[in-house]
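See below for the structure under consideration.
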Amino acid sequence: MKIRDMRKALDSKEISAKELAQTYFERIKKYDDKVKSFITVTEEKALEQAEKAQGIIDKGEAKALTGIPVAVKDNICTEGVKTTCASKMLENFVPPYNATVMEKLDAENIVMLGKTSMDEFAMGGSTQTSAFAKTKNPYDLDRVPGGSSGGSAAAVAAGLAPVALGTDTGGSIRQPAAFCGVTGIKPTYSRVSRFGLVAFASSLDQIGSIGLDAHDCAILLNEICGYDFHDGTSSKLEVPDFTAKIGESMKGMKIALPKEFYAEGINDEVKAAVLKAAEEYKAMGAELIECSMPSLKYAVPCYYLLACAEAASNLSRYDGIKYGHRTATAESYEELIIKSRSEGFGDEVKRRIMLGTFVLSSGFYDAYYKKAKLVQKRIMQEFAAQFADVDVIATPTVPSTAFKIGENTDDPLKMYANDVCTVTVNIAGLPAISIPCAYDDKGLPVGMQLIGGKFTEQRLLNTAYAYEQLVGGFKMPEL
């Protein structure tokens, strides 16, 4: 059931909020040992929330998400519930406050099913760097679900949650949505408050939604967007109703196809599927425009220099003294910090801290970090030039379908290259959505990415939903 179906069933008393929550917990108990999408399941808390939501429903005062079950990525602070970032460093961290997005959702009286697994500190594209739950793809349990929001995407794909919060720094909502055959949107940077989101790269991170279709993503996005005085980067622009444009015609829509997104390195099946989907838009009345964005070839190194520099800065606070994991064997101040960080962080996090520290160090700042900032500006200019003439850019979400567990995770450069289609969006601070557009010869989902100009989520969601309606949308994998 999608959110709007649940809303009707709850309001008409076909099912109670508690019964709805229990249905999901039964599925979690039955299937999550296979999928491993959750780090923490909050059944007791959820049933209390469901009873409270039912009282509101009975009074006829229900809002869009009242009584609706939601899964939450484990780097979003939840008061009184562990927030581990899938790291030993924060294994026992229980936040004394809620992230702003959780305050907004609690005001809607959602039912929180639990905290989903992720790559450690959101660093990775497979959810295999998690210290606690290495999530698997519901379509093939021998394959990765993508990352870093792999737990959220897998939970929605497996029917363990109807909708979930994820975070996206370089594709971490869109890539797992593509691998797991669901829909995921990364909003414009600043559209959603980052207060209470454990930082990876502060100028790139953004919270977004994962659901069964664009309409469900829009409903969840409606409730988490808006200005927040706790976050100095959050936008004061008015937030429209993201469901308001859904159902509008594609006639006259201009869709760009930059040749760099379809070049060498993109799997032939993926390329063919996305181009076929673009032709479906043409049949609906849209105009397809071929174009070029030459700076995109520098996007992956640019992204990793910027993201790792910010990660090194943000993660310097975890020193074994203020909070986080503290070693039990240190005999000096220096040894305490070294051992605490060595024991608390996994290999991928250490790799990115070292790279970030290197590019910020004296003698290398101008050669690497400063040049990456200049490339970022150039990429932003190229996107702006395109959106002066077109409405949406269509690309593959990921160069391939889901890879096997262990296939790429031992080769960092191969893993990083997998982000070539998604990181550009974060570099430019734009909104983008991934929707399933086909299945490959192994039955694995293929994702198509739609990119919009700043603050055009409404148009993106309508464009995505039009295609989903045409092809029939999501199909649930068998577990």
Whether the side chain of Thr40 engages the backbone of Lys82 through a donor-acceptor N/O pair (distance < 3.5 Å, no angle test) should be reported.
no
Margin query: Looking at Asp33, I want to see if its CG is surrounded by more than 12 non-hydrogen atoms of other residues, nucleotides or ligands under 6.0 Å.
Written below: no
With sequence neighbours left out, the residues meeting side-chain contact (heavy atoms from CB on, under 4.5 Å) with Arg459 are Met253, Asp391, Val392, Thr456, Thr463
dist Leu160:CG -> Tyr31:OH (nearest 0.5 Å) comes out at 9.5 Å
Thr327 versus Ser340, side-chain donor and acceptor atoms under 3.5 Å
no
| Does any N or O in the side chain of Thr169 come within less than 3.5 Å of the main-chain N or O of Ala201, such that one atom is a donor and the other an acceptor? | no
Is there side-chain contact between Ile219 and Phe242, with heavy atoms separated by less than 4.5 Å? no
Sequence neighbours excluded, the answer for salt bridge (charged side-chain N to carboxylate O under 4.0 Å, His left out) partners of Glu51 is Lys18
Presence of salt bridge, Glu335 and Lys339, under 4.0 angstrom
yes
Is Lys350 close enough and on-axis enough to Phe345, meaning under 6.0 Å and within 45°, for cation-pi? no
Expected output: side-chain Ser149 to main-chain Ser172 donor-acceptor under 3.5 Å = yes
*Answer with yes or no whether the side chains of Thr183 and Asp216 bring together a donor and an acceptor at under 3.5 Å.*
no
Taking every heavy atom of Leu90 against every heavy atom of Cys85, the minimum-distance pair comes out as CD1-SG, 4.0 Å
When every non-hydrogen atom of Gly452 is compared with those of Phe387, the smallest separation belongs to C-CZ, 3.4 Å
Ignoring hydrogens and geometry, is there a side-chain-to-backbone donor-acceptor pair from Arg326 to Tyr323 under 3.5 Å? no
Margin query: Just checking Lys271: does its NZ atom have more than 12 heavy atoms from other residues, nucleotides or ligands closer to it than 6.0 angstrom?
Written below: yes
Residues 361-370 vs side-chain hydrogen bond (donor to acceptor under 3.5 Å, both in side chains), sequence neighbours excluded, gives none
Residue pairs meeting salt bridge (Lys or Arg N to Asp or Glu O under 4.0 Å), one or both in residues 152-167, sequence neighbours left out, come to none
For residues Gln449 and Thr395, is any side-chain donor paired with an opposing acceptor at under 3.5 Å? yes
Worksheet item: Which is it for Lys134 and Thr127 under the side chain to side chain donor-acceptor pair (under 3.5 Å) test, yes or no, and what are the steps along the way?
Response: CA-CA 6 Å; Lys134 299 184 189 303; Thr127 313; over 6 Å; no
Sorted by chain and number, sequence neighbours left out, salt bridge (charged side-chain N to carboxylate O under 4.0 Å, His left out) with Glu91 holds for none
Check your understanding: Does a side chain donor of either Asn98 or Asp106 reach within less than 3.5 Å of an acceptor in the other side chain?
Key -> yes
* Does a side-chain N-to-carboxylate-O contact under 4.0 Å join Arg191 and Glu457? -> yes
By side-chain contact (heavy atoms from CB on, under 4.5 Å), Ala402 pairs with (sequence neighbours left out) Asn137, Arg143, Phe179
Correct closest heavy-atom pair for Ala158 and Leu479 would be CB-CD1, 3.8 Å
Residue pairs passing the salt bridge (Lys or Arg N to Asp or Glu O under 4.0 Å) test with at least one member in residues 114-132, sequence neighbours excluded, are Asp74-Lys115
Sequence neighbours excluded, the answer for side-chain contact (heavy atoms from CB on, under 4.5 Å) partners of Val420 is Val300, Pro399
Can you confirm whether the side chains of Ser190 and Thr233 place a donor and an acceptor under 3.5 Å from each other? no
**Prompt:** Are the ring centres of Tyr318 and Phe93 closer than 6.0 Å?
**Reply:** no
In terms of heavy-atom contacts, Ser295 and Glu382 come closest through OG-OE2, 2.7 Å
Separation between CZ (Phe364) and NZ (Lys371), nearest 0.5 Å, reads 12.5 Å
### Message
Are there over 12 heavy-atom neighbours, none belonging to Arg378, within less than 6.0 Å of that residue's CZ?
### Response
no
Those residues at least two apart in sequence (or on a different chain) that pass side-chain contact (heavy atoms from CB on, under 4.5 Å) with Cys308 are Tyr304, Arg352, Leu355
Between the CG atom in Leu461 and the CG atom in Leu221, the distance rounded to the nearest 0.5 Å is 6.5 Å
Separation between CG (Asp319) and CZ (Arg341), nearest 0.5 Å, reads 7.5 Å
Going by atom types alone, do Lys373 and Gln376 pair a side-chain donor with an acceptor below 3.5 Å? yes
Next on the checklist: Using only atom types and a distance under 3.5 Å, with no angle test, would you say the side chain of Thr397 pairs donor to acceptor with the backbone of Gln175?
Outcome noted: no
Q) Hey, is the main chain of Phe200 close enough, under 3.5 Å, to the side chain of Asn314 for a donor-acceptor pair? A) yes
Is the shortest side-chain heavy-atom distance between Lys34 and Lys136 below 4.5 Å? no
Run the numbers on Lys36 and Thr135 for side chain to side chain donor-acceptor pair (under 3.5 Å), then give the verdict.
CA-CA 5 Å; Lys36 300 188 184 302; Thr135 309; over 6 Å; no
dist Met123:CE -> Arg351:CZ (nearest 0.5 Å) comes out at 12.0 Å
- Message: Can you confirm whether Ile173 sits close enough to Ile185 that some side-chain heavy atom of one is under 4.5 Å from a side-chain heavy atom of the other?
- Response: no
On a heavy-atom basis, the closest approach of Val94 and Val81 is CG1-N, 3.8 Å
In this structure, NZ of Lys404 is separated from CG of Asp142 (nearest 0.5 Å) by 6.5 Å
Taken in chain and number order and not counting sequence neighbours, the residues that satisfy salt bridge (charged side-chain N to carboxylate O under 4.0 Å, His left out) with Asp168 are Arg174
Worked check of side chain to side chain donor-acceptor pair (under 3.5 Å) between Ser152 and Thr116: CA-CA 6 Å; Ser152 289; Thr116 56; 2.8 Å; yes
Using only atom types and a distance under 3.5 Å, with no angle test, would you say the side chain of Glu407 pairs donor to acceptor with the backbone of Phe403? no
Practice item. Without swapping roles, check the side chain of Glu260 against the backbone of Leu296 for a donor-acceptor pair under 3.5 Å. Key: no
Between Lys104 and Gly226 the two heavy atoms that sit nearest each other are NZ-CA, 4.5 Å
Salt-bridge present (Lys29, Glu43; N to O < 4.0 Å)
yes
The complete set of salt bridge (Lys or Arg N to Asp or Glu O under 4.0 Å) pairs with one or both residues in residues 221-232, sequence neighbours excluded, reads Arg194-Asp231
Residues pairing under ring pair (Phe, Tyr, Trp, His ring centres under 6.0 Å) where one sits in residues 128-158, two or more places apart or in two chains, turn out to be none
Worksheet item: Got a donor-acceptor contact below 3.5 angstrom from the Ser193 side chain to the His230 backbone?
Response: no
**OP:** Please confirm whether the backbone N or O of Leu430 pairs with a side-chain atom of Lys186, one donor and one acceptor, at under 3.5 Å?
**Re:** yes
